[in-house]
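Protein chains get the first letters and strands the later ones, always in sequence-line order, with residue 1 at the start of each.
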Number of protein chains: 2
Amino acid sequence: MLKISKKADYALMALQHIAAVQFGDVTPGRVVNTKEIAEEYNIPLELLAKVLQTLAKHALIESHNGPKGGYALVRRAHQITIAQILESIEGPLGITDCSHEKEGEFCMQRENCHIRTPLLKVQDSIAQLLNNMTLQDMMGGTPLITIQSPAAQGVER
Amino acid sequence: MLKISKKADYALMALQHIAAVQFGDVTPGRVVNTKEIAEEYNIPLELLAKVLQTLAKHALIESHNGPKGGYALVRRAHQITIAQILESIEGPLGITDCSHEKEGEFCMQRENCHIRTPLLKVQDSIAQLLNNMTLQDMMGGTPLITIQSPAAQGVER
DNA sequence: ATGATCTCCGATCAAATAGGTCGGACTAAG
DNA sequence: CTTAGTCCGACCTATTTGATCGGAGATCAT
């Protein structure tokens, strides 16, 4: 349960990769195109393209067209929150249908519903969690396969 | 994003209602049948029945068959966590596909994936959040506990 | 300038999952 | 024993998600 979509997964991988290239030591400042990312992580090319387009539309990355083109981060990694990334792809956070009810619409269970308020509380907690974590926290450089000491993880803050 | 299913919603409403009847002041100990809950909250009867069956199979409630039959909680409200309820309906918590990979199976992106470990960290935080909240916290019409964000480090309450 | 290449973008298709429905099996009251 | 009321499991449909295709526009190399 509470699974995030594959597209969101791809978005996180792609942004992590772009950040690593752009701010890394090897070829700093280089833009990276869709194909490179797709091959590196075995992601369907066309689908990844669509994901990156969406991210660009939400101003998380900017696109450079033509040959030698590609994508580049607009902000630095620590200024991009996980919440922003996920919401760009999957829409606003809402663990229940009635999370974003506009005035005038309401679910059929609303009048006697006792669980809405506690659930919104849970939702707030998750929102804070995702807002306090940035792309920088995903940078660690250590590949997954190697054994890693718990202290060496980039996510520790 | 991260929306829980309608079935899970119905499960929470139903359990809240059963607990209110069973441990309330009006008719304590009474079992409550599917129809009563469905009408109270405008839930499709047959679908709610299926949800309750699932909850019974996971030993959160017990079914009493025949006339005057219905469902009753087996444990008290404060001993049933939200995590247990949701997992009974939607399966184990897992924000990403590779959360519960068995030995031998792995996603196509695994070998170069840098986001798995941080995401599992997020998942752990959410798990703690849901495990620290019980059905009791949903009782009483008015909101009850304040939940702190587990974002910084370790979840405390 | 012109062609070749690369990216962007919309529309489209297929698979998975959630939402909802049906008839039968069982139980206990009368 | 009958009968009304309940649980239970299989079935069907609709929405969402994952993935794909083809063309238009932009940029760089020649």
Side-chain angles (χ1 to χ4, degrees), chain A residues 1-14 18 30-39 41-72 86 88-92 94-97 107-109, chain B residues 1-11 13-14 18 30-39 41-72 86 88-92 94-98 107-109:
Chain A
M1 65 178 190
L2 290 181
K3 195 167 61 179
I4 63 178
S5 68
K6 280 242 185 255
K7 287 190 202 173
D9 265 343
Y10 297 158
L12 291 171
M13 288 187 212
I18 295 173
R30 191 185 110 232
V31 298
V32 41
N33 63 17
T34 308
K35 190 177 178 185
E36 172 182 332
I37 302 175
E39 290 178 350
Y41 301 102
N42 295 300
I43 301 173
L45 177 66
E46 312 296 343
L47 182 55
L48 177 62
K50 208 177 164 209
V51 169
L52 292 175
Q53 290 162 26
T54 305
L55 292 176
K57 191 174 298 180
H58 285 80
L60 289 177
I61 54 179
E62 62 183 9
S63 65
H64 295 272
N65 215 336
K68 301 285 185 182
Y71 291 95
L86 296 182
S88 294
I89 302 297
E90 300 200 334
I95 65 173
T96 177
D97 280 336
C107 78
M108 222 76 270
Q109 291 79 33
Chain B
M1 65 177 189
L2 291 181
K3 195 167 60 179
I4 63 178
S5 69
K6 280 244 185 253
K7 287 190 203 173
D9 266 343
Y10 296 158
M13 288 186 212
I18 295 174
R30 192 185 109 232
V31 299
V32 40
N33 63 16
T34 307
K35 190 177 177 185
E36 172 182 332
I37 302 175
E39 290 177 351
Y41 301 103
N42 296 298
I43 302 174
L45 177 65
E46 312 296 343
L47 181 55
L48 176 62
K50 206 177 164 210
V51 169
L52 292 175
Q53 290 163 26
T54 304
L55 292 176
K57 190 173 298 181
H58 284 81
L60 288 177
I61 54 179
E62 62 184 8
S63 66
H64 294 272
N65 215 335
K68 302 283 186 185
Y71 291 95
L86 295 182
S88 295
I89 302 297
E90 300 199 335
I95 65 174
T96 177
D97 280 334
C98 58
C107 78
M108 221 76 270
Q109 291 80 35

Student: Starting at atom CD1 of A/Ile89, determine the distance to atom P of D/dA19, rounded to an integer number of angstrom.
Tutor: 14 Å
Student: Between B/Leu86 and B/Ala8, what is the shortest heavy-atom contact and its length?
Tutor: CD2-CB, 3.8 Å
Student: I want to verify a distance call: between C/dA18, C/dT21, C/dC9, whose nearest atom is closest to the B/Leu47 side chain?
Tutor: C/dT21
Student: Could you tell me which non-hydrogen atom of A/Ser5 sits nearest to which non-hydrogen atom of A/Ile89, and how far apart they are?
Tutor: OG-CG2, 4.4 Å
Student: So do A/Ile43 and A/Asp9 actually touch side chain to side chain, heavy atoms under 4.5 Å?
Tutor: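 Result no, sub-4.5 Å side-chain heavy-atom pair not found.
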Student: What is the minimum heavy-atom distance between B/Ser88 and B/Leu55, and which atoms define it?
Tutor: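 B/Ser88 and B/Leu55 have their closest heavy atoms at CB-CD2, 4.0 Å.
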Student: Roughly how far, to the nearest 0.5 Å, is NE2 of A/His64 from CG of A/Asn33?
Tutor: 12.5 Å
Student: Return the 5'-most residue of the pair B/Leu52, A/Ala8 with respect to DNA chain D, ranking by each residue's nearest nucleotide.
Tutor: B/Leu52
Student: Is the backbone N or O of A/Ile4 less than 3.5 Å from a side-chain atom of A/Glu90, with the two atoms forming a donor-acceptor pair by type?
Tutor: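 No, because the side chain of A/Glu90 does not come within donor-acceptor range (under 3.5 Å) of the backbone of A/Ile4.
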Student: Could you state the CD-P distance from A/Gln53 to C/dG10, rounded to the nearest angstrom?
Tutor: 8 Å
Student: Closest approach of B/Lys35 and B/Leu45, non-hydrogen atoms and distance?
Tutor: CA-CD1, 3.7 Å
Student: Listed in order of residue number, which residues of residues 59-72 of chain B have a non-hydrogen atom at under 4.0 Å from DNA chain C?
Tutor: B/Asn65, B/Gly66, B/Pro67
Student: Closest heavy-atom contact between B/Tyr71 and B/Ala49?
Tutor: OH-O, 4.4 Å
Student: Please check the phosphate of C/dA18 (OP1 and OP2 only) for any side-chain N or O of B/Tyr10 closer than 4.0 Å.
Tutor: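 It does not, given that no N or O in the side chain of B/Tyr10 lies less than 4.0 Å from OP1 or OP2 of C/dA18.
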Student: For DNA chain C, whose closest nucleotide is more 5', that of B/Lys6 or that of A/Lys35?
Tutor: A/Lys35
Student: Between D/dG18, C/dG10, D/dC8, which nucleotide gets closest to the side-chain atoms of A/Lys57?
Tutor: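 For A/Lys57, the side-chain atoms sit closest to C/dG10.
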Student: Nearest-Å distance, CG (A/Leu48) to C1' (D/dT17)?
Tutor: 17 Å
Student: Take atom CD1 of A/Ile18 and atom P of C/dT7, then tell me their distance rounded to the nearest Å.
Tutor: 12 Å
Student: When the distance from CG of A/Leu45 to C1' of C/dT7 is rounded to whole Å, what number comes out?
Tutor: 11 Å
Student: Can you name the nearest heavy-atom pair linking B/Leu52 to B/Ile61, along with the distance?
Tutor: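 Shortest heavy-atom separation between B/Leu52 and B/Ile61 comes out as O-CD1, 3.5 Å.
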Student: Check the distance between D/dT27's C1' and A/Asn33's CG and give it to me in whole angstrom.
Tutor: 14 Å
Student: Between the protein and nucleotides 11-17 of chain C, list the N/O to N/O atom pairs that are separated by less than 3.5 angstrom.
Tutor:
none

Student: Please report the distance, rounded to the nearest Å, between CG in B/Leu2 and P in C/dA18.
Tutor: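 Answer to the nearest Å: 14 Å.
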Student: Can you measure A/Glu90 atom CD to D/dT17 atom P for me and round it to whole angstrom units?
Tutor: 8 Å
